[in-house]
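These numbers were taken from a predicted model, which means no experiment stands behind them.
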Amino acid sequence: MVTSSVPRLVVAAPSSGSGKTTVATGLMAAFAARGLAVSPHKVGPDYIDPGYHALATGRTGRNLDAYLCGPELVGPLFLHGARGCDIAVVEGVMGLYDGAAGEGELASTAQVAKLLRAPVVLVVDASSQSRSVAALVHGFVSFDPEVRIGGVILNKVGSDRHEALLREAVDSVGVPVLGVLRRAPQVDVPSRHLGLVPVAERRTSAVEAVAAMAAQVAAGCDLEALAGLARGAGALSCGVWDAGEAVGSPPPSSPGAAGRGVGVAVAGGAAFTFSYAEHAELLAAAGAEVVTFDPLRDEELPEGTRGLVIGGGFPEVYASELSANEGLRKSVAELALSGAPVAAECAGLLYLCRDLDGLPMCGVLDASARMSERLTLGYRDAVAVSDSALAAAGTRLRGHEFHRTVVEPGAGAAPAWGMRAPERRVEGFVERGVHASYLHTHWAAEPGVARRFVERCRTS
């Protein structure tokens, strides 16, 4: 058990689109520019914002998701990411009190703020209001007395007169205004069908956007007051999450206990950007030598690969390039057909299909994938239907779906998961050593997944 007083604050908003990402990322970068070691965090399952956070701070962006991992892991995972840092900034998700549908406060920014005993900075889009902002802020302050809203940042303010009216209104509520940001197109980050464009796809322009966010926040916000608010966070008493403790030590006779571990290749690059940092840490702790490769550039899997992890991303955007890399497609298919463990989530599922939008993919699964107009989005409560390299049948895990594609058929003869909501269905494929599914999971919730996967790599 550790009692931590690392300064921290949560950046939240009344709704999506208010400017949380701009403020949180800009604040991280502005603090980092002052020489502080900044720990970046994101509430919820989003993979893209943490990429911008990492760019702003030079540290790994980490997620805090009370649905995927359980409320009991929010504090330990936070402390794991914040080791050695001077300050932590947590970007919220959706509106402050929005969480998993039908689950009350579960997975909301408000719940995470309470679990972390962290003050909240409310970012308000003030572009179409003046005195009404007082009623809005008052409502958010009073809705849950356990949530401490320590200040407001007014975003998209139009003029000096507009600012004066807004300040007067917020002052009447008794909440300090800690920043005022004017409209600034240069900080906007381009979006497409699943949200912001990931950092890996726009490195140079992403660096410029983050620099613009930092400059805007530094000029428009009271950094000293924000740092002081962060220092006022309550003491946090809990254990620090540790991958080694979570999975247990590798067997004494295994390569992972001493010397080189068993080779596990993890897909990366612009097409496969979605991955929780804890997955690689758990694999390494279980005895794997984790090697990242880029399916857009590398023509074969890394030497010594015994297992393969292909996470989420945007293969639909890079379908022609992925298809053209015949050497790697063949290498992946040969590994999968040999019975070696392969874990594929969402984008990985598409890559293993016979084709994607008519273009040949790896052909590991007898299924076809295509883009769709329908967005599939939401948390899922799942149970493993079939024994696989990831989990024994009957293992329960919570996950998240987020895609605009369809795979036909949606499940193989041995499905990966059974879902209870929003409708009962089976989904995904378990074939030979392959576990392929649309479901994104967070292995910190069930470290046995990594241990089982590495052991299968070792013995297959």
TODO: Kindly indicate, with the supporting measurements, whether the criterion salt bridge (charged side-chain N to carboxylate O under 4.0 Å, His left out) is fulfilled by Arg396 and Glu446.
DONE: CA-CA 9 Å; Arg396 303 202 75 89; Glu446 181 50 69; over 6 Å; no
Task: Test side chain to side chain donor-acceptor pair (under 3.5 Å) applied to Arg354 - qualifying residues, sequence neighbours left out - done: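 Arg354: side chain to side chain donor-acceptor pair (under 3.5 Å) contacts with Asp366.
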From [X] atom [atom1] to [Y] atom [atom2], the distance as rounded to the nearest 0.5 Å:
| X | Y | atom1 | atom2 | answer |
| --- | --- | --- | --- | --- |
| Cys362 | Leu350 | SG | CG | 11.0 Å |
| Asp381 | Leu397 | CG | CG | 9.5 Å |
| Asp298 | Asn325 | CG | CG | 8.0 Å |

Does any N or O in the side chain of [X] come within less than 3.5 Å of the main-chain N or O of [Y], such that one atom is a donor and the other an acceptor?
| X | Y | value |
| --- | --- | --- |
| Thr395 | Ala384 | no |
| Arg306 | Arg458 | yes |
| Ser132 | Gln129 | no |
| Thr25 | Thr21 | yes |
| Glu72 | Ala66 | no |
| Asp49 | Lys42 | no |
| Thr57 | Met28 | no |
| Tyr52 | Val207 | no |
| Arg425 | Gly410 | no |
| Ser323 | Ala319 | no |

TODO: Please test His403 against Glu401 for side chain to side chain donor-acceptor pair (under 3.5 Å), starting from the C-alpha separation and ending with a verdict.
DONE: CA-CA 7 Å; His403 56 90; Glu401 278 190 279; 3.2 Å; yes
TODO: Determine, stepwise, if the pair Val147 / Lys114 fulfils side-chain contact (heavy atoms from CB on, under 4.5 Å).
DONE: CA-CA 6 Å; Val147 177; Lys114 289 193 287 186; 4.0 Å; yes
Shortest non-hydrogen contact between [X] and [Y], atoms and distance:
| X | Y | answer |
| --- | --- | --- |
| Leu328 | Phe293 | CD2-CE1, 3.9 Å |
| Glu427 | Ser437 | OE1-OG, 2.8 Å |
| Cys85 | Val6 | O-CG2, 3.9 Å |
| Ala218 | Ala30 | CB-CB, 4.4 Å |
| Gly287 | Val454 | C-CG1, 4.0 Å |
| Leu439 | Met419 | CD1-CE, 3.8 Å |

Using a distance-only test with no angle check, is there a side-chain donor-acceptor pair under 3.5 angstrom linking [X] and [Y]?
| X | Y | value |
| --- | --- | --- |
| Thr441 | Glu345 | yes |
| Tyr379 | Asp65 | yes |
| His440 | Tyr47 | yes |
| Thr405 | Glu316 | no |

TODO: Applying side chain to side chain donor-acceptor pair (under 3.5 Å), run through His41 and Glu91 and close with a yes or a no.
DONE: CA-CA 6 Å; His41 303 265; Glu91 180 186 344; over 6 Å; no
- [ ] Give the intermediate values and the outcome of ring-ring contact (aromatic ring centres under 6.0 Å, His included) for residues His442 and His400.
- [x] CA-CA 9 Å; His442 200 305; His400 187 260; over 10 Å; no
Open item on the list: Can you pull out every ring-ring contact (aromatic ring centres under 6.0 Å, His included) where at least one residue sits in residues 324-357? Sequence neighbours excluded, please.
Closed with: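 Residue pairs passing ring-ring contact (aromatic ring centres under 6.0 Å, His included), neighbours aside: Phe272-Tyr351.
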- [ ] Quick one: sort the Trp417 and His435 rings into parallel, tilted or perpendicular, breaks at 30° and 60°.
- [x]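 Geometry flag for His435 against Trp417: perpendicular rings.
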TODO: Check step by step if side chain to side chain donor-acceptor pair (under 3.5 Å) holds for His80 and Glu281.
DONE: CA-CA 11 Å; His80 170 61; Glu281 293 168 351; 3.0 Å; yes
- [ ] Indicate yes or no: at least one non-hydrogen side-chain atom of Arg62 is less than 4.5 angstrom from one of Tyr276.
- [x]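 No - every pair of side-chain heavy atoms lies 4.5 Å or more apart.
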Task: Those residues that, when tested against Asp355, pass salt bridge (Lys or Arg N to Asp or Glu O under 4.0 Å) (two or more places apart) - done: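 Checked Asp355 against salt bridge (Lys or Arg N to Asp or Glu O under 4.0 Å); zero matches.
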Open item on the list: Taking the ring centre of each residue, are Phe314 and Phe274 less than 6.0 Å apart?
Closed with: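 Close enough - the centres of the two rings lie under 6.0 Å apart.
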TODO: Run the salt-bridge test on Lys156 and Asp125 with the 4.0 Å N-O cut-off and return the result as yes or no.
DONE: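 Counted as a salt bridge, because a side-chain N and a carboxylate O are separated by less than 4.0 Å.
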